[in-house]
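Only one structure is covered here, and it is reproduced in the block below.
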Amino acid sequence: MLTANDPSLHSWIQIAPDCDFQIQNLPFGIFQTEDRDARVGVAIGDYVLDVYVLTQHGLFDMLDVEDPTVFHRPYLNDFMALGRVIWRQVRGRISELLRNDNPEIRDNRALMAECLLKQKDVQMLMPVQVPNYTDFYSSMEHATNVGSMFRDPANALLPNWKHLPVGYHGRASSIVPSGVPIRRPKGQTKRADVPVFGPTKQLDFELEMAFITGQPTELGTSLTTLEAEEYIFGMVLFNDWSARDIQAWEYVPLGPFLAKNFGSSISPWVVTLDALEPYRVAGPVQDPKVLPYLDFSGNKNLDINLEVTLQAPTLPEEVVICRSNYKHLYWNMNQQLAHHTSNGCNIEVGDLYASGTISGPTPASYGSMLELTWRGTTPLQLPNGTERRFLHDGDVITMRGYAEKNGIRVGFGEVRTEILPTL
Ligand code: CA
């Protein structure tokens, strides 16, 4: 076990037990303030640790980080490019500095004031520059629900679905961090057999998580399921905004396009795969047996609790509309990345791979309005007596996620997005 994951560790910083950012987590992000330009931070309790300041005080001198300015950049990419040995060294050293028995920052008031900032006083930015974005479709429950609604309940899953992790290449330019609003898109839809152009009437969220690769491969080479996780830096929450009426009209024959590329939102803290190791669980049994290049050993799913809330101007407080779990996914990250590179497709530092909508087995665990309201036929009943089919302007959708075991919680914070009207 990595020392930084030891459940017996405590920090000299006071951290509430239900806080996502315990000393066993230490997720990386990019922040700025009025007087500090964009740089790498680590979340701890209610604070952000300014990693670049630590390097300026010589606290990383014993590590193999040759150029400490990788922590003074507007994205994590240059740090991630250093590889997993360095990721582990840096997380391990930060863990050491924050432990209650380590005096290096604890007993240095001036340094503490310089390197620790309240999270509420900083602005979180996109953590990575995303060169390429892929969206998988790896929840059997979601694929079955969508197949039942749009095609045929008797043959909801297409013949390929259990043989390969289905996915498509998405749009990287429109991925934004939590807090950046999304504007209702306009597009072409079909009404009463005639195509019309205007604002979507079926705006939806999709509850997903995404992993980020921190190492590249060469064009023409492939990764095995065993090698795959050496390339994965960490994970974020992911909201794949979708316009269902645009989607229904455009998706045949080539799949999602303008119904998806107007925006996707991510949580700003990247939780490392190392921090998630204690929360490994077995996935669903894969039957039929997969081809050898997709075979894997060990527990490769993750037990991460997920929830979605809706806040609307007409509601007194936010309402939980979905509770799901990442562990429901049929295909795991190792298989997704092995499949993605199986034809020799190269991957890059900062590439982002979303899971697909994470729906569970029960209706309350469905990860989109499309499924929660069964394409609008069974609207959600809200506490103020109104009904809801899809999303309205002014709505705020928030996704949260955390893993918990032996009383230690490793969380993702949130991705929170307001919907603005069409321009
Ligand atoms: Ca999706």
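When a residue number appears, it is its place in the shown sequence, counting from 1. Hydrogens, waters and symmetry mates are skipped; everything else that's a heavy atom, side chains included, is used. In each ligand, atom 1 is the first atom listed, and ligand 1 is the first ligand listed.
Val320 places none of its side-chain heavy atoms less than 4.5 Å from the side chain of Arg400. You'll find the side chain of Gln89 reaches within 4.5 Å of the side chain of Asp64, heavy atoms only.
Between Arg280 and Glu229 there is a salt bridge, since a side-chain N of the basic residue sits under 4.0 Å from a carboxylate O of the acidic one. Look at Glu250 and Lys260 and you find no salt bridge, because none of the NZ, NE, NH1 or NH2 atoms lies under 4.0 Å from a carboxylate O.
Counting only protein N, O or S atoms, 4 lie closer than 3.0 Å to the Ca ion (ligand 1).
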Show the atom names and distances, to 0.1 Å, of all donor-acceptor pairs under 3.5 Å that link a side chain in residues 155-166 to residues at least two apart or in another chain.
unit_1	atom_1	unit_2	atom_2	d
Asn155	ND2	Asp152	OD2	2.9
Trp161	NE1	Tyr137	O	3.1

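Environment of CG in Leu226: sparse, with no more than 12 heavy atoms of neighbouring residues, nucleotides or ligands closer than 6.0 Å.
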